[in-house]
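One structure is given here, and the rest of the page talks about it.
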Amino acid sequence: MSASTPQNQLVDRFGRKISYVRLSVTDRCDLRCVYCMPKKMKFVPRTQLLTLEEMETVGRAFIKLGVDKIRITGGEPLVRQNILQLFRNLGECDDLLDLTLTTNATQLKKYARPLKEAGVTRINVSLDTLKEKRFRDMTRIGDLKKTLAGIDAAIACDFEQIKLNTVILRNYNHDEILDLVNFCIDRGIDISFIEEMPFGQNDHHDRAVSYYSSDQILEDLQQHFELVPGTMTTAGPTRYYRLIGHDNARVGFISPHSHNFCESCNRVRVTAEGRLLLCLGQEHSLDLRHVMRANPGQADVLEQALIDSMQIKPRGHDFNLNSQEILLRHMNLTGG
Ligand code: SAM
Ligand code: SF4
């Protein structure tokens with residue numbers, strides 16, 4: 001039986017129940033994707049990051065309040081030292097139905113099996129191109145072979161779902177949409193195309209010029225496949241389509257610009273520093289690190305703070321392609 005009752009569930013002013021938390025476990029990364037980080041990234045001092053124990057405390061408090069899905073993200077989660085321990089500890093919580101990971105897969109060859117054993121159910125892997133030189137350009141320092149080896153290792157472990165996350169930028173990789181879908185069909189995995197979001201200052205490309213809409217991608221794919229809107233939901237903002245004749249792979253779209261998904265928002269995020277973000281596109285937040293460090297060992301104080309935070313969850317985001325600086329946070333700190 002679930003430990004949460006209607007009185008201690010997380011419900012915001014608009015009646016939306018929060019059941020999904022994305023926990024960023026580090027702002028650091030072994031890649032520098034051009035839409036995510038500037039070339040010279042300034043990371044948060046380590047002392048300001050939550051410890052793994054504090055992250056577990058936050059996770060357990062959310063689970064007690066009715067959250068049944070936690071996604072571990074970053075930065076690159078697998079570069080955080082001893083990260084497997086956090087997966088193992090959260091994986092033991094009976095009321096947590098879905099423990100998922102978003103990763104660039106550079107270290108998945110080593111970690112896929114232990115993650116599966118720790119209770120991870122599903123993995124999202126970021127991959128924007130299948131061309132080695134382009135991969136290096138788009139990640140600035142990456143080696144495609146490592147990521148592909150990581151994907152193969154994950155496939156061998158039989159997770160409930162493996163999905164590629166792909167950001168399409170006009171004139172960078174929009175010519176690979178079909179190849180990436182075929183890559184997924186060949187391996188029996190899913191793919192979600194994500195519209196670029198305006199996080200932080202971008203020193204690489206003009207986001208308005210590089211914008212390639214989900215509708216355009218769908219149109220491109222319809223030249224080659226019959227796509228039918230699917231019924232599958234994963235508690236996320238992805239709109240899935242089935243590919244007729246290819247039952248082993250689905251195509252999804254995450255479209256913050258062209259299809260606003262705020263109305264059904266069921267999630268909050270916690271940054272690597274312990275800042276609870278009530279909305280990806282707004283600055284409303286609560287300092288959970290302060291709450292925990294000022295009240296050590298007092299789980300009830302943390303839980304009450306989470307319940308109270310529901311009063312400041314905004315109705316929705318306010319993304320605007322032409323106002324590139326509306327958000328100074330970078331995606332790696334926010335947790336994608
Ligand atoms: N390092 C891991 C990875 O790349 O999968 C996890 C963190 S990353 C920030 C999570 C997701 O955010 C990735 O799929 C990445 O493509 C996406 N992302 C990063 N910056 C973005 C942006 N400006 N707009 C849209 N998606 C972005
Ligand atoms: Fe690192 Fe992920 Fe950001 Fe790429 S998208 S720089 S892999 S955190």
Short side-chain to backbone donor-acceptor contact, [X] and [Y], under 3.5 Å:
X    : Y    : answer
R250 : Y241 : no
K313 : L278 : yes
N173 : V167 : yes
T238 : Y240 : no
R80  : V25  : yes
R32  : R140 : no

Is it possible for you to say whether [X] and [Y] belong to one hydrophobic cluster, with membership spreading through side-chain heavy-atom contacts below 4.5 Å?
X    : Y    : result
V228 : I217 : no
L23  : L97  : no
L52  : V79  : no
V268 : F14  : no

Kindly indicate whether the side chain of [X], heavy atoms from C-beta on, has any atom under 4.5 Å from the side chain of [Y].
X    : Y    : answer
L90  : I72  : yes
Q222 : L227 : yes
L78  : N104 : no
M41  : C29  : no
L277 : R22  : no
F87  : L101 : yes
L302 : Q298 : no
F253 : D215 : no

Is it the case that more than 12 heavy atoms not belonging to [X] sit under 6.0 Å from its [atom1] atom?
X    : atom1 : answer
D94  : CG    : no
K109 : NZ    : no
E226 : CD    : no
R242 : CZ    : no

Run V301 and V291 through side chain to side chain contact (heavy atoms under 4.5 Å, CB included) and show every step you take.
CA-CA 8 Å; V301 176; V291 173; 4.2 Å; yes
What salt bridge (charged side-chain N to carboxylate O under 4.0 Å, His left out) pairs are there with at least one residue in residues 171-181, not counting sequence neighbours?
R134-D175, R134-E176
Interatomic spacing from [atom1] in [X] to [atom2] in [Y] - rounded to 0.5 Å:
X    : Y    : atom1 : atom2 : value
Y20  : R267 : OH    : CZ    : 5.5 Å
T106 : Y111 : OG1   : OH    : 10.0 Å
L288 : S309 : CG    : OG    : 7.5 Å
L86  : R88  : CG    : CZ    : 11.0 Å
F159 : K116 : CZ    : NZ    : 6.5 Å
N82  : T51  : CG    : OG1   : 11.5 Å

Under the criterion salt bridge (charged side-chain N to carboxylate O under 4.0 Å, His left out), I'd like the reasoning laid out for E56 against R60: C-alpha separation, chi angles, the key distance, then a yes or no.
CA-CA 6 Å; E56 183 186 339; R60 286 185 183 274; 2.8 Å; yes
What are the two closest non-hydrogen atoms of [X] and [Y], and how far apart are they?
X    : Y    : answer
A154 : L108 : CB-CD2, 3.9 Å
S213 : Y211 : CB-OH, 3.5 Å
G119 : L99  : O-CB, 3.9 Å
R16  : R315 : NH1-O, 2.9 Å
L243 : V181 : CD1-CG1, 4.0 Å
T129 : L127 : O-CD1, 3.4 Å

May I ask you to establish whether R187 and F183 are in a cation-pi arrangement, using a distance under 6.0 Å from NZ or CZ to the six-membered ring centre and at most 45° from the ring axis?
yes
No-hydrogen, no-angle side-chain donor-acceptor test under 3.5 Å, [X] and [Y]:
X    : Y    : value
R71  : T102 : yes
D68  : S19  : no
E76  : T103 : yes
D128 : Y35  : yes
Q304 : D300 : no

Among all residues two or more places apart in sequence or in another chain, which pass the side chain to side chain contact (heavy atoms under 4.5 Å, CB included) test with Q48?
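In terms of side chain to side chain contact (heavy atoms under 4.5 Å, CB included), with neighbours along the sequence ignored, Q48 is linked to V44, P45, E273, R289.
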Might you work through the side chain to side chain contact (heavy atoms under 4.5 Å, CB included) test for E132 and K145, ending with a clear yes or no?
CA-CA 8 Å; E132 283 198 24; K145 283 193 215 77; 3.7 Å; yes
Please work out whether the ring planes of H174 and Y212 are parallel, tilted or perpendicular, with thresholds of 30° and 60°.
parallel
D98/R122 ion pair, N-O < 4.0 Å:
yes
With side chain to side chain contact (heavy atoms under 4.5 Å, CB included) as the test, would you mind laying out the steps for V34 and L169 before giving the verdict?
CA-CA 10 Å; V34 295; L169 301 180; 4.2 Å; yes
Side chain to side chain contact (heavy atoms under 4.5 Å, CB included) between S285 and L276, intermediate numbers included
CA-CA 5 Å; S285 70; L276 172 65; 5.8 Å; no
